[in-house]
Visitor: 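Attaching a single structure in structure tokens format; questions to follow.
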Amino acid sequence: MEFVRTLPGHRSRIGEGPHWDERNNCLFYVDLLQGTLYRSDTLQQNEETFHIENSATTFCIPYESDPNSILISKDKQILKLKWDTKEATLLAEVEPDVNTRFNDGKCDPAGRLWAGTMGLETSPGIIDQGLGSLYSMDASSYVVKHLSGITISNGLAWSRDSRIMFYVDSFPRKIYALDYDLATGSIAKQRDLVDFNKASKYSDCGLPDGITLDAEGKLWVACFGGGRVLRIDPQTGELIRTVFLPTKRITSCCFGGPNYSDLYVTSAYYGLNEKERSQDKDAGAVFKVSNLGVTGFAASCFAN
Ligand code: CA
């Protein structure tokens, strides 16, 4: 039986983008709408931060060649950040004429960045539909648009053999599978893997959000509004396990810690009023789930 621990550190408006960095033995994550990156030790007792005023920053992925360099998003831009000097260099920018921002991003097993966009919220939870797209960016900062018509571009993961990409659009409550060509970084044959609207077992799961893969090739899916992460068999689409968390707005997850035996789970207090927040001390926390009986593996860094 797993053990869920609420870590004592920062409470995020929207915690997101967890990435375990084994070279520094720490967890990177962002407080998305606050424009703040966190680098946190395993018990979250020591957190270093980097803040970008008035911007959304949604992912943070270390460079393969240099653990001091981090690939981050800032609104519609992708930047290289030197963690020690806090010097940021613009690498790419998308959608200059559209009211959007980046959302979740991950690197594929070859170290290419994949990241999608979404429309800006006109009020909490209200988003223009279909404004988002999905992009990749290679080591030379060359950006390719692969999909459009996305509403809330979210979690990304790749099968253990790299032949399938998993991708979430939260708004239609779907996890897609796509054929993946690792050599060229191209996708094909998009199909529904899981549709939260199609089965009653997902009715109180909220929206699928961030995802990660374990060492057995099974998917872990954070459920925004559902207070849980799900373990799903991507071969069959079957729900095989549920881990409940003590707050509802669960945003993303990644494996980390010794032998990648812990699941780090991020959450949000965004959308709660003051009374609800005072009654939900765990909202926005990072959770560490241990004793799962399954391990993960290192997430890909950005290859450059
Ligand atoms: Ca997300």
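Each ligand, and each atom within it, is numbered from 1 in the order the structure gives. Count residues from 1 along the sequence.
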Visitor: Is any NZ, NE, NH1 or NH2 atom of the basic residue among R231 and D214 found under 4.0 Å from an Asp or Glu carboxylate oxygen of the other?
Guide: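 So R231 pairs with D214 through a salt bridge.
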Visitor: For the Ca ion (ligand 1), does an N/O/S atom of N154 lie at less than 3.0 Å?
Guide: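 For N154, the answer is yes, given that an N, O or S atom comes within less than 3.0 Å of the Ca ion (ligand 1).
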Visitor: What orientation do F28 and W83 show, parallel under 30°, tilted 30 to 60°, or perpendicular over 60°?
Guide: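 Perpendicular, since the angle between the ring planes exceeds 60°.
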Visitor: Checking one value in my table: which N/O/S atom of D209 lies closest to the Ca ion (ligand 1)?
Guide: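 The Ca ion (ligand 1) is closest to the D209 atom OD1, counting only N, O or S.
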Visitor: For the Ca ion (ligand 1), does an N/O/S atom of E16 lie at less than 3.0 Å?
Guide: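 Given the 3.0 Å cut-off, E16 counts as a ligand of the Ca ion (ligand 1).
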Visitor: Name the orientation class of the two ring planes belonging to W158 and Y180 (parallel below 30°, tilted from 30 to 60°, perpendicular beyond 60°).
Guide: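 Rings of W158 and Y180: perpendicular, over 60°.
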Visitor: I'd like to know if R11 pairs up with D280 as an ion pair, taking the criterion as any Lys NZ or Arg NE/NH1/NH2 lying under 4.0 Å from an Asp or Glu carboxylate oxygen.
Guide: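 Looking at D280 together with R11, the answer is no, because their closest N to O distance does not fall below 4.0 Å.
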